[in-house]
Amino acid sequence: MNIAVIIAGGSGHRMGQEIPKQFINVYDKPVLIYTLESFQKHPQIDAIEVVCIDGWQNVVQAYAKQFNITKLKWIVTGGNSGQESIRNGVYNLEDKASADDTIIIHDGVRPLVDDEVLTDVIVKCQQYGNAVTSMPYNEQIFVIDKDDPSTTTQYIPRETLRRVSTPQAYKFKTLDDRYHEAFEKNIGIEGSNYTNTMMVQLGEKLHFAAGSDMNIKLTTKENLEMFKAYLNLDKDTWLK
Ligand SMILES: C[C@](O)(CO)[C@H](O)COP(=O)(O)O
C-alpha cells in the first residue's frame, strides 16, 4: 500500500492570518483541499491520513466530504511541533500499515504537487527504501559570519547542494522505528528538523527524487499570490 500522510498541523502565524494557512480559501476552495486532490487523483495512492491542528478535525472531515476526497481514511491530531505532528501521524499507522508499505509525507501547504513528482518519489522509494523530492540550487549560497552576522567571507559551491522539499517517501517499518529512536534519544526532533534531517542524523542514507519549481510551500502572503498565479496559468489542471 502507498499511504499519504499530509501534515496540516501548523497555525499559520508567518502569513499573518487568523486562520491557519492550510485552511485559507483560494477561489472557494481551501488550500488543503488542493493538496488532497493531488493525492486523491493519483492512481498509486491507496489511502490518505491528515495530521491536523487541534480543533480543526471536523472541518477537515466536512471539507473532505464536500470535495469528494474518498481516499481520506484517518484524521490525527498534530503535536506542538512539526516533528511531533509527523510522529503522531506515523504512530497512528502502527496497527494499519505493513512493514513494507510506502509512506509519503507531504506538507498540507504545498498544494501544487503534480503527478510526475508523486510518481517519482513512490518509484524511487520502492527501489531504494526512501526518496526525498529535491531540486538543484540556481543561486549562490553564502555562509553568515558568526561574529558579524551581516557579513560573509565564505560560500558553498552550489553544485554540491540540493534543496529538499516534500513529498518524501519512506518504508513504514524504518520510518516508525526511527521515530521511536529519535524521540527516545532526543535526536533530530528540535527546531526546524523534519523527517529528512532526523533520518540523516540517525545514520540513514537518503535518495533524491525529482522535484518541481511549482511545488512551492505557502509560507508568506507573496507565496499565496504566486499560488493563485500558477492556478490561473493552468486552469484546466487546477481549477476544475
Ligand atoms: C521539506 C522541508 O523543507 C523540510 O526539509 C519542509 O517543507 C519543512 O516544513 P516546515 O513546516 O517549514 O518545517
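We count ligands from 1, going down the list as the structure has it; atoms in each ligand are counted the same way. FYI, side chains are in, hydrogens and waters are out, and symmetry mates aren't considered; it's all heavy atoms of this structure.
Of the polar atoms of N196, at least one N or O is found under 3.5 Å from an N or O of ligand 1, judged by distance alone. The shortest N/O to N/O separation between D107 and ligand 1 falls below 3.5 Å. Some N or O of K217 is nearer than 3.5 Å to an N or O of ligand 1, by distance alone.
The pair K171-D100 meets the salt-bridge criterion, since a charged nitrogen lies less than 4.0 angstrom from a carboxylate oxygen. Classification of D213 and R163 as a salt-bridged pair holds, one side-chain N sitting under 4.0 Å from a carboxylate O.
Heavy-atom contacts of S165 reach the following atoms of ligand 1: 1 (C) (cutoff under 4.0 Å). The contact set between ligand 1 and T166, taken as ligand atoms under 4.0 Å from a residue heavy atom, comprises 1 (C).
Looking at R110, Q168, Q83, it is R110 that brings a heavy atom closest to atom 3 (O) of ligand 1.
Taking the ring pair (Phe, Tyr, Trp, His ring centres under 6.0 Å) definition, one finds that F142 meets it with Y155, sequence neighbours left out. Residues meeting the ring pair (Phe, Tyr, Trp, His ring centres under 6.0 Å) test with Y128, sequence neighbours left out: H207.
Results of the side-chain hydrogen bond (donor to acceptor under 3.5 Å, both in side chains) test with R110 over T133, T35, T166 single out T166 as the only residue that passes.
The shell of residues lying under 4.0 angstrom from ligand 1, judged by heavy atoms, excludes G82.
Distance alone, capped at 3.5 Å, places no donor-acceptor pair between the D145 side chain and the P149 backbone.
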